[in-house]
Every structure is written in C-alpha cells, then in structure tokens.
Number of protein chains: 2
Amino acid sequence: MRLNSTSQYAIRILSYIARKQDEHILSAHELSEALNIPYKFLTKIMTKLVKAEFVESVRGRDGGFRLKDDPEKISIDDVLNLFNDSIKEEQCLLGIGACDTHCKCAMHDQWMKPKLLIQKLFRESSIKDISKKGSKI
Amino acid sequence: MRLNSTSQYAIRILSYIARKQDEHILSAHELSEALNIPYKFLTKIMTKLVKAEFVESVRGRDGGFRLKDDPEKISIDDVLNLFNDSIKEEQCLLGIGACDTHCKCAMHDQWMKPKLLIQKLFRESSIKDISKKGSKI
DNA sequence: TTTAAATTCTACCTAAAGGTAGTAATTGAT
DNA sequence: ATCAATTACTACCTTTAGGTAGAATTTAAA
C-alpha cells in the first residue's frame, strides 16, 4: 500500500517549484537534477501538470515552469486526483465494489478511522505546507 | 493509494475459509465462485498461501484447502507481507529512500499518525476478526 | 537571421501486475 | 484398474505503470 511513483514525483516537483520559484524560473533540466527524476519522464509529468493548470510553462529559451496559483491553493489531494491515486469515498479496502454503511465489507468499520485521517491529511495539506524549508524533497 | 488486488483476494480467501471450514473443506472451484475470483488466478494465489503455510491443501478427489493454524493467529499484516503490500517502517510516503526522524521528507511528520494507525490496524486485525458473519467477503 | 536553450508532441520500449492455458500428479470411489 | 475430481506446475498472454527517443515548436539573445 503506497502512492504510485508518478504522484510522488508530482508532489515533490510542485513543492520544489514552490520553494524556489521566487529566486528563478525552474527548468525541466534543473527539476530533473535536483529531484533525481529521469528527465524524459519528468517532462511527461510536467505536461500533465500544465494541462491541469497547476503550473504554467514558459516556452523557448530561458523558459521553464512556475506555479499558476498560490501554493496554498493546491492540496495534496488535488495532485493525487490528477493521477487517480487518491482515496475515494466509496473505495473498499478489500476491493468488493461499493462498500458503505448499508453493505459493509469485513474491514469496513476498522478501516474508517485511518481512511478518514488520510483523506483529511491529503485534503488539508497544501503544497505550501510541505514546501517549507528544512526537510528533504 | 490502495492494496493491490492479489492481497485483497488473499485476505478474502482466508476469511472465507475461516468462515466455512467447519462445515466442509473448501475447493478452489467453490472459492472462485463464492468470491468471484478468476479460477486460474485463484489457484495461483492458493499455491502461495500453501507455501507460506497459511493454508494446507488436500490433494486429489474431495480435496481442497483448510487453514493450517487458528484464524486468530494470522494477521492482515502477515498476509500483506507475503505480497509485499504492507507498510514498512522506513517507507517514505514520497518515495525518497530512507525517511526517519533524523532525515525527514516534507510529509514525514504529518504522515506518522495515519501510518501508525494503519500499521496497528493491520497488525491487530486477524483473519478471525474479519471472518465473523454479517459482512460481505 | 541564426543559434541555442528551452517546452511539446508522438511514438515507442520495459517491467510488473494481473490473468489464462494446458498438462502432470494425486487420490477417493467405483 | 479405471475414472473423475481435485491440487500443482510450467509457461504464456494482456494491461498498466514507469520510462525513453527523437523530432517539432517556441523564443531570447547574439
């Protein structure tokens, strides 16, 4: 049970941009080096982030990427949703279709607490929160 | 973020066996039908469960599977570990190698609480617990 | 106007997860 | 002894995630 690596990368990319964009615009080259993400794979992720309007790109020489909005307006959950990696409301831990209070799976009740906590974490953590200096990205 | 379907299947299989094995031994055919798991894929999972000694098999006519031990001795975490799907201690939410109190990733602190809760849930829930009647498997 | 540094687009490759097919081995019942 | 119902084994197929290659496009600067 883990996040898929594309969404891990995306969160780290956005955090890194948030952390550095006041100094200079971030090129794919710099992001790839700094975050240790394969260059070609990173550019692929960037186009998704651009199309989803989390970042905007500046093309051509001296181009790069910057956040389109304030980093506090992007939640972790927003990013995960882009890569179908969030925890959905009806999602059953054991994969038995729709699982709700009327028709519970065997883990339903025990899973509620951690699930709600994770959803809260993902929804309430913004890119700004996790881009604060002092921890690795 | 979800369990992979092989471990979901495995948990449901073990729970179903726990629930029914006092009535009769469970054949792959019955398990496949009852749990709606593709027959051939199920038999593949069963051989792993046999080799890991969670279940023992009876070969030949009138054969099938039964739990090797008491269902309360098998935790969800045991099952997940067999399929590399548990949450490991050092496992970093953002995938940045080893992530501990000395060298934290940007999500480390916030992730601790949900992570510990999940680990506790997986370790303290046994197959017996979730095999109790009244919920779907 | 040419060049170099950048993003974008299209297409492909590789590895892992999920799933299938066929056959061999085992065993209780006839 | 044969048969039918079962698990075990080996090998393959399909889909998805992760990753790569190369050429097209854009743009600031020389």
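All of these numbers come straight from a predicted model, not from anything done at the bench. Below, each value reflects all heavy atoms present in this structure, side chains not excepted, and no hydrogens, waters or symmetry copies. Lettering follows sequence order; numbering is per chain, from 1.
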[N] OP1/OP2 closer than 4.0 Å to side-chain N/O of [X]:
| X | N | value |
| --- | --- | --- |
| B:Ser57 | D:dT6 | no |
| B:Thr6 | C:dG18 | yes |
| B:Lys44 | C:dA17 | no |
| A:Tyr9 | D:dG18 | no |

CD1 on A:Ile130 to CZ on A:Arg12, rounded to 0.5 Å: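 That separation rounds to 10.5 Å.
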For the side chain of A:Ser27, counting heavy atoms from C-beta on, which of D:dA29, C:dT7, D:dT7 is nearest?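 From the listed options, C:dT7 comes nearest.
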Residue B:Pro38, side-chain atoms from C-beta onward, closest of C:dT20, D:dG19, C:dG19: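 Out of C:dT20, D:dG19, C:dG19, the nucleotide with an atom closest to B:Pro38's side chain is C:dT20.
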With a 4.0 Å cut-off on heavy atoms, is [X] in touch with a base, just the backbone sugar-phosphate, or nothing at all?
| X | value |
| --- | --- |
| B:Lys48 | nothing |
| B:Thr43 | nothing |
| B:Phe65 | sugar-phosphate |

Starting from [atom2] on [N], measure out to [atom1] on [X] and report it in whole angstrom.
| X | N | atom1 | atom2 | result |
| --- | --- | --- | --- | --- |
| A:His24 | D:dA28 | NE2 | C1' | 18 Å |
| A:His29 | C:dA4 | NE2 | P | 17 Å |
| B:Leu26 | D:dA5 | CG | P | 19 Å |
| A:Leu31 | C:dT8 | CG | P | 12 Å |
| A:Arg2 | D:dA17 | CZ | P | 12 Å |
| A:Ile25 | D:dT27 | CD1 | P | 13 Å |
| A:Arg59 | D:dA24 | CZ | P | 14 Å |
| A:Ile17 | C:dT7 | CD1 | P | 10 Å |

Can a donor-acceptor pair under 3.5 Å be found between the side-chain atoms of A:Lys40 and the base atoms of D:dG18?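 When only heavy-atom distances are counted, A:Lys40 does not reach the base of D:dG18 through any donor-acceptor pair under 3.5 Å.
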Backbone N/O of A:Ile87 and side chain of A:Gln119: donor-acceptor pair under 3.5 Å: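 Indeed, once roles are kept as given, a pair shorter than 3.5 Å links the two residues.
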Sidechain-backbone polar pair: B:Glu90 side chain, B:Asp100 backbone, donor-acceptor under 3.5 Å: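 No, B:Glu90 side chain to B:Asp100 backbone: no donor-acceptor pair under 3.5 Å.
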Would you call B:Lys104-B:Asp109 a salt bridge at under 4.0 Å N-O?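 Looking at B:Lys104 and B:Asp109, the cut-off is met.
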For A:Leu42 and for A:Asp62, locate the closest nucleotide of DNA chain D by heavy-atom distance; then report the residue assigned to the nucleotide nearer the 5' terminus.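 In this pair, the answer is A:Leu42.
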Quick check on the hydrophobic clustering: are A:Ile25 and A:Ile137 connected, directly or via other members, by side-chain heavy-atom contacts under 4.5 Å?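 The answer is no; the residues belong to distinct hydrophobic clusters.
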Nearest-nucleotide comparison on DNA chain C, the residue closer to the 5′ end among A:Met46 and B:Arg61: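 The answer here is A:Met46.
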